[in-house]
Amino acid sequence: MSHASVVVDFTLFALFLEARRIHRGKSAARVAREADVEIDAVIRAARGRDPGPDQFLALCAWIGEEPSLFHKKEARHARRL
């Protein structure tokens, strides 16, 4: 299932991203370097906005969580039907 075909809860994603960033003692710029994305993508994601599909996947990998964790509940249930 591609990023474009699901609804992502970017508010939840922002909470995870910021919690992991703070817990690891990283700046947004450091997260960007480590995830190999632009700093603007990290800032957008931290504000609960869509950082872009490739950036979303890269930041999920940096966080250490599966992208499906951030699919809105309706999208998660629809896949099971």
Side-chain angles (χ1 to χ4, degrees):
M1 188 172 278
S2 71
H3 173 73
S5 64
V6 298
V7 178
V8 175
D9 185 341
F10 288 109
T11 301
L12 178 63
F13 182 64
L15 292 171
F16 269 75
L17 177 63
E18 283 298 280
R20 296 284 161 82
R21 182 187 68 75
I22 292 166
H23 178 74
R24 295 174 183 170
K26 308 282 183 171
S27 67
R30 184 67 186 188
V31 172
R33 282 193 299 277
E34 291 180 3
D36 197 25
V37 298
E38 296 291 325
I39 182 81
D40 290 345
V42 176
I43 292 168
R44 280 193 308 276
R47 291 180 178 163
R49 295 175 42 218
D50 186 348
D54 294 335
Q55 295 81 357
F56 171 69
L57 294 175
L59 290 168
C60 283
W62 186 85
I63 290 169
E65 298 291 348
E66 289 293 321
S68 62
L69 175 66
F70 305 106
H71 294 173
K72 289 207 175 183
K73 189 173 184 179
E74 306 81 50
R76 287 194 304 258
H77 289 309
R79 288 188 300 150
R80 291 187 215 158
L81 299 177

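No hydrogens, no waters, no symmetry mates; every other heavy atom, side chains included, goes into these values. In what follows, residues are counted from 1 in the order of the sequence shown.
- The distance from the CZ atom of Phe70 to the CD atom of Glu65 is 5.5 Å, given to the nearest 0.5 Å.
- Under the 4.5 Å side-chain heavy-atom criterion for ILVMFWY residues, no single connected hydrophobic cluster contains both Leu69 and Leu15.
- For Cys60 against Pro67, the heavy-atom pair with the smallest separation is SG-CA, 3.7 Å.
- Residue pairs that meet the salt bridge (charged side-chain N to carboxylate O under 4.0 Å, His left out) test with at least one member in residues 36-45, sequence neighbours left out, do not exist here.
- Ile43 and Ile63 sit in two unconnected hydrophobic clusters of ILVMFWY residues. Membership requires side-chain heavy atoms under 4.5 Å apart, directly or through other members.
- When every heavy atom of Ala28 is checked against every heavy atom of Arg21, the shortest pair comes out as N-CD, 3.9 Å.
- The hydrophobic cluster containing Leu12 also contains Phe10, counting ILVMFWY residues as joined when their side-chain heavy atoms lie under 4.5 angstrom apart, directly or transitively.
- For the atom pair CD1 (Ile39) and CZ (Arg33), the distance works out to 8.0 Å, reported to the nearest 0.5 Å.
- Considering every non-hydrogen atom in both Ala14 and Gly48, the closest pair reads CB-N, 3.7 Å.
- Scanning for side chain to side chain contact (heavy atoms under 4.5 Å, CB included) contacts around Ser27 gives Ala29, Arg30, with sequence neighbours left out.
- For Arg47, the CZ atom is loosely surrounded, since the number of other residues' heavy atoms within 6.0 Å does not exceed 12.
- Nearest heavy atom pair, residue Leu17 against residue Ala46, reads CD2-N, 3.9 Å.
- Smallest separation of non-hydrogen atoms from Ala58 and Val37: CB-CG1, 3.7 Å.
- One finds the CH2 atom of Trp62 at 7.0 Å from the NZ atom of Lys26 (value rounded to the nearest 0.5 Å).
- Connection of Leu57 to Val31 is established within a shared hydrophobic cluster, with ILVMFWY side chains joined at heavy-atom distances below 4.5 Å, either directly or through further cluster members.
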(request) Show your reasoning for whether side-chain contact (heavy atoms from CB on, under 4.5 Å) applies to Leu59 and Phe13. (result) CA-CA 9 Å; Leu59 290 168; Phe13 182 64; 3.6 Å; yes
